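Every value quoted in this text rests on a predicted model; they were computed, and no experiment measured them.
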Amino acid sequence: MSTQCAYCGEGVPPHSMFCASCGQLVVSRPTAVPPPLGGGIESTGTTPPAARTVAPPAAVPLPPVIGGPLVPPAPPAPAAPAAAPAAERAPARPLSLKLPDGSIVSVTAPLVLGRNPTADISPAGFSPIRVHDPNRSVSRAHVTLEPAKGELLLTDLGAANGTTLDHAGSRSRVTEASGRVPVRAGDRIWLGRVAIDVF
């Protein structure tokens with residue numbers, strides 16, 4: 001289909017750029033832009049499709065949480081230090097002696113035991129403890145006892161009638177050469193023929 005020249009009015013064949021009669025540039029009418037494929041938004045010809053801004057979709061509200069809001073768990077509490085056994089917490093009870101006359105002596109300091117442990121025959125720094133012995137089998141200064149951790153240390157002072165220790169069902173002789181021998185609760189010390197119980 002031919003159009004007319006806007007200057008001279010002559011007919012111009014389709015797709016011609018110049019009028020064959022007057023030589024003027026032929027301005028063709030704009031044709032409609034076909035819609036994009038897929039049924040998209042039709043272009044108006046003023047803004048390229050790539051330049052148009054598409055609004056973001058509206059936010060969809062989430063359903064409420066059943067049972068209240070989520071709360072992060074609290075960090076675990078630090079573990080309490082393990083309690084020490086009762087035997088370690090309580091101070092060790094000093095061991096005691098039961099003498100032949102029924103008296104009780106708590107061994108909290110070094111002692112010297114004998115029939116008559118006077119200062120001139122007793123070791124320095126040892127408190128004298130008199131042991132009743134009508135048969136005179138106990139020497140004047142027979143043994144020393146020193147407190148230690150949970151036990152006593154027994155030393156024979158060269159007693160004439162000897163020293164014997166009953167421990168855990170067995171009996172052993174203690175001499176001056178034995179040095180310091182450990183004595184524990186439940187043991188029995190024999191000074192000659194006189195028994196002294198340790199508890």
Report the residues that fulfil side chain to side chain contact (heavy atoms under 4.5 Å, CB included) with [X], sequence neighbours left out, ordered by chain and then residue number.
X: R193; result: N135, S137
X: P123; result: V112, F126, T144, L157
X: A195; result: R188, W190

Taking the hydrophobic residues Ile, Leu, Val, Met, Phe, Trp and Tyr, and joining any pair whose side-chain heavy atoms are under 4.5 Å apart, which ones share a cluster with [X]?
X: I121; answer: none
X: F199; answer: I104
X: I189; answer: L95, L97, L99, V105, V107, L111, L113, I129, V131, V138, V143, L145, L152, L154, L165, V174, V181, V183, L191, V194, I196, V198

| request: With sequence neighbours left out, write down each residue that passes salt bridge (charged side-chain N to carboxylate O under 4.0 Å, His left out) with R180, or none if nothing qualifies. | output: E146
Side chain to side chain donor-acceptor pair (under 3.5 Å) with [X]: which residues, sequence neighbours excluded?
X: S139; value: none
X: H132; value: none
X: R184; value: E151

| said: Suppose the criterion is salt bridge (charged side-chain N to carboxylate O under 4.0 Å, His left out): which pairs have a residue in residues 161-173, not counting sequence neighbours? | reply: D166-R171
| said: Filter on salt bridge (charged side-chain N to carboxylate O under 4.0 Å, His left out), then keep only pairs touching residues 104-133, sequence neighbours left out; what's left? | reply: none
| field | Shortest non-hydrogen contact between P110 and G125, atoms and distance | value | CB-O, 4.0 Å
| task | Taking all heavy atoms of R136 and all of N161, pick out the closest pair and write down the distance. | result | O-ND2, 4.0 Å
| Short side-chain to backbone donor-acceptor contact, H142 and G162, under 3.5 Å | yes
